[in-house]
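A note on names: the letters A, B, ... follow the listed sequences, proteins ahead of strands, and every chain is numbered from 1. Please read all numbers here as calculations on a predicted model, not as lab measurements.
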Amino acid sequence: MSGLIDSVQGVLGGWLTELVIGFVLLAVLITLNAMFMVWFERKVAGWVQGRHGPLHHGPFGLAQTALDVVKLLGKEFIIPSKVDRPVFLLAPIIAFLPALAILSLIPYSADMTLTDAQSGLLIVFAFGGLSLGGIFMGGWSSNNKYALLGAIRAVSQNIAYELPLLLSAMAIVLMSGTLNLTEIVDAQAGYRWNVFFQPLAMLIFLISAAAETNRAPFDIPEAESELVAGFHTEYPAMGFAVFFLAEYTYMFAVCAIGAVLFLGGAAGPLLPGPVWLLLKVYFLLFLMVMARWTYPRLRFDQLMNLAWKYLIPLALGNLMLTAFVLKLVQT
Amino acid sequence: MLDLALGILIVLTFAGATMAVVLKKVFHNLLGFGLSLVGLAGISLVLGSEFVALMQLLIFLGGITVAMVFAVMMSTPREQSEEPRTADRVAPALLVGAGFPAVMIALLLGGSFPTSPVTEELFGVREIGLALLTTFELPFEAISLLLLAAIIGAVAVARRTRERPDG
């Protein structure tokens, strides 16, 4: 393995090699995570509803998702005749790419970060907003009422929930005095995890994160009982699969940021850092999956009310209280 | 390497700006506008101000462009979005489009710029935050007053339409 790395290094030079290796690892992580999450979600859904979930392919049905991907790859890529072709084809890619940038910023352990940026948290939010572009490009270019409605819903929902997401994370920034994700993790050393000091911020963060990733109970952009499949109604085969991949990658990314901000990142006893981070991430993902199968979908006005009337004032109040207490402690 | 990146980004910015003006569908114009904003953010990043680049993405792309997209989606159905290009529309557009850069270029050529090397410490998040709340406190507060007025105005407008009987 190290021989391979050396020969790659010879061709490309130092930092480019790091970049290539990092992105290959991220690609592996993204693929495995999506395949695992689809299986995991179906298993949890089965468990909640007293069923078995996937069973037949591989142990515990683990190979089911891989086979589904093969099926999707084999399907014909039908492009409807009246779509806006270039935009239609670009949309899934634009929806997916920012997720890659976000994953490259996460400190997987104390010394395992692909990009250690000084304003890492801001970069995460900036790129998180970009993925919305892919969704509305897909919805608009499809030339389909349901797709357009889904995209409009996605845009308004994202505008509303971006605010509480940012505001709840800002409370953590105030406490640790930095936007660098590695330093935020360091500030929680010795099990002084932010979740113990900022439980409200974490709750707001998780709710807004579920809404930002269009997860049930906030999945009105793709509410199947009203909008067929929402913004990706017209997408065939792999186009649909890429949107799906983007959704699961964002769920992972958002939960990883949640683990970094509130659960001490990769810190933990005995096991190595990345294992702890993954355990925390999948714990948060489990909460998200449970929420999907426990709560009914919100109506659109309820969704807006929740954000503007409850989450944003709560997050603002929490931020002011944090600033006040911090000033008291300092003086 | 940085020069190459800068070159690519400048081409990207101008390509986006051209798309925003030349293409005939409103939605394509918006996408071009977004592309040129991404290019601008990249230029600030290459030139050493991470913070400005991120604000460019967060506010202009994540906020303003999304709001514009929202407005387009709500107002014009796709079929009607190709408007004819007549002389009485092109002329004022040309006037504004040429006049604004002319003024800006005149100002840029007349003004002087600090030539000391710009470092991250000068434009980091902490430094900009401190500067906004100490040296530039008054303009900062004035801007927030302006935004508050805009918000109240928006609420007032929205209220009026809501009270209209079954509109």
Whether the side chain of A:N180 engages the backbone of A:G120 through a donor-acceptor N/O pair (distance < 3.5 Å, no angle test) should be reported. no
Can you tell which part of A:T178 gets under 4.5 Å to a heavy atom of chain B, answering side chain, backbone, both or neither? neither
Would you find a donor on one side and an acceptor on the other, under 3.5 Å apart, between the side chain of A:E247 and the backbone of A:F243? no
The interface call for A:I152 against chain B, heavy-atom contacts under 4.5 Å, is both
Given that the side chain runs from C-beta out, which part of B:L30 has a heavy atom under 4.5 Å from chain A: side chain, backbone, both or neither? neither
Would you say the side-chain atoms of A:Q157 pair up with the backbone N or O of A:A211, donor to acceptor, closer than 3.5 Å? yes
Whether A:N158 side chain and A:A154 backbone form a donor-acceptor pair below 3.5 Å: yes
Check the surroundings of atom OH in A:Y310: do more than 12 heavy atoms from other residues, nucleotides or ligands lie under 6.0 Å from it? no
Give, as side chain, backbone, both or neither, the part of B:L61 having an atom under 4.5 angstrom from any heavy atom of chain A. side chain
Measuring heavy-atom distances to chain B, does A:L130 have an atom under 4.5 Å in its side chain, in its backbone, in both, or in neither? side chain
